[in-house]
Amino acid sequence: DHAANGHAESAVRQVKDQMRTIRLSLEKKLGQVLGEADPILSWLPTFAGDVVSAFRRMKDGKTRYEKETGRRWNKPRLEFGERCMLRLAEERGSGRKRDWKPRLNEVRFVGYHSRTGAVLGLTREGLKVGTRVSRLAAADRWSVEGWSELRGLPWDAAPRQRLAPKPLRDEE
């Protein structure tokens with residue numbers, strides 16, 4: 001029944017509105033229009049749903065996140081698609097010598113893992129999962145350098161090569 005689905009339709013409308021707002025903001029900050037096949041857009045629905053859940057207050061003054069967990073959102077508030085430095089979540093063994101690999105990796109922020117709360121970021125190698133994040137200076141957050149090389153989809157975290165879009169029909 002259409003009338004009985006009011007709450008669900010309202011939630012879908014809120015998430016769609018949030019997705020549109022985030023995408024337009026991202027395109028403005030990058031100074032370019034994103035293509036429909038851009039991998040970062042696949043992460044947008046989850047991020048938009050998290051924003052609605054964590055920050056939109058209901059009539060009782062609480063967010064959905066507060067009602068579910070009993071506490072306020074306390075994770076770093078990063079903007080979708082911004083460049084940041086991520087400390088990768090790696091398994092540490094006992095008695096391991098200190099290595100000289102970089103501790104922070106540059107990523108494009110796409111959200112948080114729904115169960116663990118880990119920070120998620122895209123790179124040219126695919127999705128990276130981290131425990132801590134550091135923001136870059138405001139002037140460095142929105143560079144388009146390396147944007148076309150980003151890979152990783154929610155259903156394909158270790159991606160293959162990024163493919164060019166196929167034409168709709170064969171050209172003769």
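Fair warning: this is a prediction, and the values are worked out from it, not measured in the lab.
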Peer 1: Give, for atom CD of Glu79 and atom NZ of Lys29, the distance between the pair rounded to the nearest 0.5 Å.
Peer 2: 3.0 Å

Peer 1: Show me the side-chain donor-acceptor pairs of residues 115-123 shorter than 3.5 Å, one per line, residues at least two apart or across chains.
Peer 2:
| residue | atom | partner | partner atom | Å |
| --- | --- | --- | --- | --- |
| Thr116 | OG1 | His113 | ND1 | 3.3 |
| Thr116 | OG1 | Ala118 | N | 3.3 |
| Thr123 | OG1 | Glu125 | N | 3.1 |
| Thr123 | OG1 | Glu125 | OE1 | 3.2 |
| Thr123 | OG1 | Gly126 | N | 3.3 |
| Thr123 | OG1 | Gly126 | O | 3.0 |

Peer 1: Measuring only between side-chain heavy atoms, which start at C-beta, is Leu26 closer than 4.5 Å to Trp142?
Peer 2: yes

Peer 1: The criterion is salt bridge (charged side-chain N to carboxylate O under 4.0 Å, His left out); which residues satisfy it with Glu145, sequence neighbours excluded?
Peer 2: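 Applying salt bridge (charged side-chain N to carboxylate O under 4.0 Å, His left out) to Glu145 gives none.
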
Peer 1: Considering residues at least two apart in sequence or located in another chain, which fulfil the side chain to side chain contact (heavy atoms under 4.5 Å, CB included) criterion with Lys67?
Peer 2: Met58, Asp60, Lys62

Peer 1: Enter the distance from Leu86:CG to Thr131:OG1 here, rounded to the nearest 0.5 Å.
Peer 2: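 The OG1 atom of Thr131 is 7.0 Å from CG of Leu86, to the nearest 0.5 Å.
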
Peer 1: When you compare the side chain of Thr21 with that of Met19, does any pair of heavy atoms fall below 4.5 Å?
Peer 2: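 With C-beta onward as the side chain, the pair stays apart.
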
Peer 1: With sequence neighbours left out, write down each residue that passes side chain to side chain contact (heavy atoms under 4.5 Å, CB included) with Thr63, or none if nothing qualifies.
Peer 2: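 Testing Thr63 for side chain to side chain contact (heavy atoms under 4.5 Å, CB included), a comparison that skips the adjacent residues, returns Arg57, Tyr65, Glu66.
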
Peer 1: Check this for me: Arg56, atom CZ, are more than 12 non-hydrogen atoms of other residues, nucleotides or ligands nearer than 6.0 Å?
Peer 2: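 Counting neighbours around CZ of Arg56, more than 12 heavy atoms of other residues, nucleotides or ligands fall under 6.0 Å, so yes.
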
Peer 1: In Å, rounded to the nearest 0.5 Å, how long is the span from CG of Asp38 to CH2 of Trp147?
Peer 2: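 Here the rounded value is 6.0 Å.
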
Peer 1: Please report the interatomic distance CD1(Ile22) to CD(Gln18), rounded to the nearest 0.5 Å.
Peer 2: 4.5 Å

Peer 1: Kindly indicate whether the side chain of Arg135, heavy atoms from C-beta on, has any atom under 4.5 Å from the side chain of Glu82.
Peer 2: yes

Peer 1: Run the ring-ring contact (aromatic ring centres under 6.0 Å, His included) test against Phe47 and tell me which residues pass, sequence neighbours left out.
Peer 2: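 Phe47 satisfies ring-ring contact (aromatic ring centres under 6.0 Å, His included) with Phe80, Phe109 once adjacent residues are dropped.
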
Peer 1: Ion pair present between Glu27 and Arg23, side-chain N to carboxylate O less than 4.0 angstrom?
Peer 2: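 Result for this pair is yes, salt bridge flagged.
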
Peer 1: Could you list the residues that satisfy side chain to side chain contact (heavy atoms under 4.5 Å, CB included) with Glu106, not counting sequence neighbours?
Peer 2: Arg83, Met85

Peer 1: Looking at side-chain heavy atoms only, is the closest gap between Asn105 and Lys128 below 4.5 Å?
Peer 2: no

